[in-house]
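Quantities reported herein were computed from a predicted structural model and do not represent experimental measurements. Just follow the structure's listing: the first ligand is 1, and inside any ligand the first atom is 1.
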Amino acid sequence: MINLGVLISGGGSNLQAIIDAVADGALDASIKLVVSSKNDVYGLTRAEQAGIPTLALTKDDYVDPLAADERIASALLDAQVDYVVMAGYMRMVREPLLKAFPNKIINLHPALLPSFPGAHGIADAFDYGVKLTGVTIHFANEAYDEGAIIAQEAVAVAEDDTLESLEEKIHAVEHKLYPQALQLLAQGCVVIGEDGKVRIL
Ligand code: GAR
């Protein structure tokens, strides 16, 4: 059993998938705190409906990004979180968080890293015209979207896909793959080797 803190910035469909996996017994975890970088997003409602404590920040709180991350790190430590799960969190995690949770911060990215990093992974892959994109789950570090990869799943782009239909396919894979990858962590099966690469035991 692991304690999770989930970081969001939006609708929180991946937060919901994690909440559901915990409720179904597919993920051996407890969500102790949801932190949102915005105070008016539906993800916060999802957390409240599930009875999970929340911490909502605003743009003003990030004027000093290090102070914001100090505050988030201290709330997550107080909540006795083991792993920090970024689920559509559209802010960089900085030194105070990375130091408080070394190799314990996980990110979800809607493309096959190292291709199409950044805030628009699905649209960037679609606009490029790739035939294959997908979902990546990786450890977060100081380099945006560059941490060791835990899991990936490919999604084929069909000839008749629109950006919207591709988004739906990607989200469906995210909602399945993220809880599965977190369950590997809960089982202690995810190890970072001396070469910096993840090995699944
Ligand atoms: C997800 O598609 C996630 O992969 C993406 O934001 C979405 C959040 O959706 N994250 C990134 O692009 C990170 N660079 P949700 O709020 O419904 O979970």
statement: re atom 9 (O) of ligand 1, the protein heavy-atom contact at minimum distance is Asn14 ND2, 3.9 Å
task: Check ligand 1 against Met90 and write out every atom of the ligand that is under 4.0 Å from a heavy-atom position of the residue.
output: 11 (C), 12 (O), 13 (C)
field: Lys/Arg N to Asp/Glu carboxylate O, Arg94 vs Glu142, below 4.0 Å
entry: no
query: What pairs of residues pass the ring pair (Phe, Tyr, Trp, His ring centres under 6.0 Å) test when at least one of them lies in residues 64-103, not counting sequence neighbours?
result: none
- prompt: Below 4.0 Å from any atom of ligand 1, is there a heavy atom belonging to Gly121?
  reply: no
NZ/Lys169: more than 12 non-hydrogen atoms of other groups inside 6.0 Å: yes
task: Please check if any side-chain donor atom of Gln80 sits under 3.5 Å from a side-chain acceptor atom of Asn3, or the reverse.
output: no
message: For atom 12 (O) of ligand 1, what's the nearest protein heavy-atom neighbour? Residue, atom name and distance, please.
response: Pro110 CD, 3.4 Å
message: Among all the protein's non-hydrogen atoms, which is closest to atom 15 (P) of ligand 1, and how far away is it?
response: Ser13 N, 3.4 Å
statement: atom 16 (O) of ligand 1 sits nearest the protein heavy atom Gly12 N, 2.8 Å
- request: Give a yes/no on ligand 1: does Ile8 have at least one heavy atom closer than 4.0 angstrom to it?
  value: no
query: Does a side chain donor of either His171 or Glu174 reach within less than 3.5 Å of an acceptor in the other side chain?
result: yes
task: Begin with the C-alpha distance, continue with both residues' side-chain angles, and end with the deciding distance and a verdict on side-chain contact (heavy atoms from CB on, under 4.5 Å) for Ser37 and Met90.
output: CA-CA 8 Å; Ser37 65; Met90 303 310 266; 5.6 Å; no
Tell me which donor-acceptor pairs under 3.5 Å the side chains of residues 106-117 have, and how far apart each pair is, sequence neighbours excluded?
{"unit_1": "Asn107", "atom_1": "ND2", "unit_2": "His138", "atom_2": "NE2", "d": "3.1"}
{"unit_1": "Asn107", "atom_1": "ND2", "unit_2": "Asp145", "atom_2": "OD1", "d": "3.4"}
{"unit_1": "His109", "atom_1": "NE2", "unit_2": "Phe116", "atom_2": "O", "d": "2.6"}

statement: Going by the 4.0 angstrom heavy-atom rule, the piece of His120 near ligand 1 is neither
query: What is the nearest protein non-hydrogen atom to atom 6 (O) of ligand 1, stated with its residue, atom name and distance?
result: Gly88 CA, 3.6 Å
- prompt: Identify the closest protein heavy atom to atom 14 (N) of ligand 1: which residue and atom is it, and at what distance?
  reply: Gly118 O, 3.3 Å
field: Atom OH of Tyr128 with >12 non-hydrogen neighbours under 6.0 angstrom
entry: no
- prompt: What are the atoms of ligand 1, with element, lying closer than 4.0 Å to any heavy atom of Glu174?
  reply: 1 (C), 2 (O), 3 (C), 4 (O)
